[in-house]
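Down below is the structure, laid out as structure tokens.
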Amino acid sequence: MEALFTSDNIWKLLLAGMVGVAVVFSLLRSARAGMLVIGVMLFLSGMGLTKEQGQNTDFRTWLFPLQANRPYLYAACAALLTMGVLIHAGRLNMRNVPGLGWLFVLLGIYMGTVTIFHDGVGAGVSAIFFAIFTIVPMLLVVPSILKEWDDWVGVLRAIAVSGAVWTIACTVQFLVNQNVLLTGAGRRFVGLSGNPQHAANFSAVIAMVATWLVLNDAKKRWKPLWIFVAASHVVFVLWTGSRTGLLCGLIGMTAIFYARIGRAVFFAPVIAGAIYGLVTLATAMGVQFGFERLTSTQDTRTEKWWTLWENGLANPIIGMGLQEAGGSENGFLYGFASYGIGVPLLLLLYMFISIFICLRLLRTRFSVGPMGKRLVDLCIGFFAIYWVGNLLEGYAIARMSPQLIFIIIFACLSAALLNKARDEQAEAAELAEHLAENPQPLPEGHEGHPPLDDLSDGQDYSWYGRREATE
């Protein structure tokens with residue numbers, strides 16, 4: 001913490017203070033400003049301290065003070081978010097708060113309780129408080145701003161902007177000293193993160209969201225930014241050499257493209273061209289991507305899985321603790337080895353609940369308009385990414401990670417989407433019933449308009465209910 005308060009960081013602290021004051025005033029005006037805070041939390045969670053295997057030397061980026069103190073800064077953002085919750089308490093929409101989000105709060109409390117046995121009362125209580133203090137405000141803020149369909153797009157913009165800032169920060173570090181962005185014998189990209197896998201999983205989701213915005217954001221002036229974000233994070237995924245990240249990225253892109261063959265035909269080459277341009281530019285600047293690792297059949301998981309399984313069996317009730325788990329290459333086994341059998345059972349429950357949510361979203365897809373359908377595809381794509389990735393990485397039990405923020409956000413988006421679809425169906429049924437009881441003559445020339453069943457297509461039905469003008 002002392003490293004943050006040095007003479008070299010005074011201007012950064014002053015700048016951060018000014019931004020904090022601006023955010024507070026923004027929160028006083030609108031709860032939507034909370035997404036700015038969540039975007040900063042997402043950026044901070046994407047940071048980490050890189051260490052070479054077998055060494056204790058930190059790789060210090062130009063943002064090292066932020067990386068070294070990110071838990072405190074992350075908690076400060078949570079405090080700002082809590083302030084926003086208190087300011088706008090009367091406008092909170094508890095109906096849209098997802099049950100899946102509360103279950104992740106429960107998971108944090110459970111792991112904190114077990115931590116008491118491993119690291120003492122202080123560490124355990126701190127972990128419990130941190131989980132509640134950082135997750136609950138997000139659960140309350142995000143659902144409260146989801147009213148019209150454009151509000152869903154606004155939340156996704158906040159995610160993509162955070163990804164843009166991450167890209168810019170990595171670019172600055174590349175110009176200062178690109179070696180800090182790389183680690184291991186293969187010089188794999190880690191960015192501002194702690195290791196290649198974390199960077200790859202973060203970038204896979206950012207690339208999916210940004211690509212979705214390229215296809216669906218109605219504000220055309222944002223398109224160049226979304227293309228830049230999507231292309232840069234695809235490059236990051238490739239540069240990490242992570243097969244897990246590549247798999248997750250392909251799943252996400254499949255989810256948003258499979259039903260969009262029409263317009264996507266025009267945008268896909270643009271994104272592909274941007275990716276090719278960035279790869280060519282980086283190669284010319286001396287970057288070695290190491291694409292061969294992406295096609296490697298080397299098994300880097302089985303041995304770690306057996307180690308995690310054996311350590312879990314050695315103490316199946318409360319586990320061995322995070323430091324003694326033996327690896328993090330599977331979220332279920334990592335939870336088992338670290339905290340005992342309770343964590344993988346909870347994660348399995350959450351996974352089945354996620355599958356149930358996806359099935360509900362699929363059913364709802366047939367009754368919503370075009371924007372609703374595209375949001376359904378995106379949410380299902382994310383849940384698939386999250387749980388497939390968790391089979392190969394241990395991020396599900398992290399107290400502070402991009403994936404934790406992502407799943408909270410997408411759980412909120414999904415719950416609010418299901419509620420809005422239900423409300424729109426009820427309104428359409430009520431309107432149809434009213435027109436059946438009170439038939440209105442149609443204006444001359446409008447007899448051939450489509451039936452009410454097509455309301456979900458987003459067409460203009462303002463002619464319904466108008467009386468024919470009379471002399």
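All heavy atoms count here, side chains included; hydrogens, waters and symmetry mates do not. Values in this document were obtained by computation on a predicted structure and should not be read as measured data.
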Can you confirm whether W387 is buried at CH2, in the sense that more than 12 heavy atoms of other residues, nucleotides or ligands lie under 6.0 Å from that atom? yes

Taking the side chain from W309 and the backbone from L333, do they hold a donor-acceptor pair closer than 3.5 Å? no

Do the side chain of N419 and the main chain of R95 share a donor and acceptor less than 3.5 angstrom apart? yes

Does a side chain donor of either H233 or T167 reach within less than 3.5 Å of an acceptor in the other side chain? yes

Working note: C412 + V97, criterion side-chain contact (heavy atoms from CB on, under 4.5 Å); need CA distance, chi angles, decisive distance, verdict. CA-CA 6 Å; C412 293; V97 178; over 6 Å; no

Quick one: does W166's side chain have a donor or acceptor within less than 3.5 Å of a partner on G46's backbone? yes

Using a 3.5 Å distance criterion without hydrogens, assess whether the side chain of H118 forms a donor-acceptor pair with backbone atoms of I318. yes

Closest approach of L322 and S338, non-hydrogen atoms and distance? CD2-OG, 3.6 Å

What distance do M47 atom CE and L66 atom CG have between them, rounded to the nearest 0.5 Å? 5.0 Å

Evaluate the side-chain proximity of W212 to D217: yes if any heavy-atom separation is below 4.5 Å, no if none is. no

Do L156 and L375 make a side-chain contact, defined as non-hydrogen atoms from C-beta onward lying under 4.5 Å apart? yes

Closest approach of M320 and E324, non-hydrogen atoms and distance? O-CB, 3.5 Å

Point-to-point distance, once rounded to the nearest 0.5 Å, from CG of N96 to CD1 of I145: 11.0 Å

Minimum heavy-atom distance between S45 and Y74, given as atom pair plus value: CB-CE1, 4.2 Å

Could you please spell out the steps behind the side-chain contact (heavy atoms from CB on, under 4.5 Å) verdict for L225 and V229? CA-CA 6 Å; L225 176 61; V229 174; 4.1 Å; yes

Heavy-atom side-chain proximity of I251 to M208 below 4.5 angstrom: no

Could you go step by step and tell me if M94 and L140 meet the side-chain contact (heavy atoms from CB on, under 4.5 Å) rule? CA-CA 7 Å; M94 299 302 296; L140 298 178; 3.7 Å; yes

Does a side-chain heavy-atom distance below 4.5 Å link M35 with V142? yes

What is the distance from atom CG of D119 to atom CD of Q323, rounded to the nearest 0.5 Å? 7.5 Å

Rounded distance (nearest 0.5 Å) linking atom CZ of R360 with atom CG of L418: 4.5 Å

For the CZ atom on F117, are there more than 12 heavy atoms of other groups (residues, nucleotides or ligands in this structure) within a distance under 6.0 Å? no

Are M400 and P71 packed together at the side-chain level, in the sense that at least one heavy-atom pair is separated by less than 4.5 angstrom? yes

Hey, mind stepping through F43 and V161 against side-chain contact (heavy atoms from CB on, under 4.5 Å) and telling me if it holds? CA-CA 10 Å; F43 177 78; V161 168; over 6 Å; no

Look up atom CH2 in W222 and atom CH2 in W226, then write down how far apart they are to the nearest 0.5 Å. 5.0 Å

Please check if atom NZ in K304 has more than 12 non-hydrogen atoms from other residues, nucleotides or ligands closer than 6.0 Å. no

Taking all non-hydrogen atoms of both residues into account, name the closest pair between G331 and I397 and its distance. O-CG2, 4.3 Å

Establish, from distance only, whether the side-chain atoms of Q67 and T61 form a donor-acceptor pair under 3.5 Å. yes

Have a look at F202 and tell me which of F236, Y395, F406 forms a side chain to side chain contact (heavy atoms under 4.5 Å, CB included) with it. F406

T240 backbone acceptor or donor facing R188 side chain under 3.5 Å: yes

For residues L42 and I38, determine if any side-chain heavy atom of one lies less than 4.5 Å from a side-chain heavy atom of the other. no

Mutual orientation of the aromatic rings belonging to F410 and F382 [parallel < 30°, tilted 30-60°, perpendicular > 60°]: parallel

Presence of salt bridge, D150 and R157, under 4.0 angstrom: yes

Interatomic distance, CG@L107 vs CG@L404, rounded to 0.5 Å, equals 9.0 Å

Applying ring-ring contact (aromatic ring centres under 6.0 Å, His included), run through Y339 and Y110 and close with a yes or a no. CA-CA 9 Å; Y339 297 105; Y110 181 88; 7.8 Å; no

Which pair of non-hydrogen atoms, one from L215 and one from I256, has the smallest distance, and what is that distance? CD1-O, 4.3 Å

Test item: L139 and W102 side chains (from C-beta on) under 4.5 Å apart, heavy atoms: yes

Any donor-acceptor N/O pair, T134 side chain to F130 backbone, under 3.5 Å: yes

4.5 Å side-chain heavy-atom contact, N330 and R301: no

Side-chain donor/acceptor of K420 to backbone N/O of K147, under 3.5 Å: yes

Identify the two heavy atoms, one from N201 and one from C248, that lie closest to each other, and give their separation to 0.1 Å. OD1-SG, 4.1 Å

Check: E303 side chain, T307 main-chain N or O, donor-acceptor pair, under 3.5 Å: no

Report yes or no: does S162 contribute a side-chain atom to a donor-acceptor pair with the main-chain N or O of G39 at less than 3.5 Å? yes

Do Y334 side-chain atoms and A325 backbone N/O form a donor-acceptor pair below 3.5 Å? no

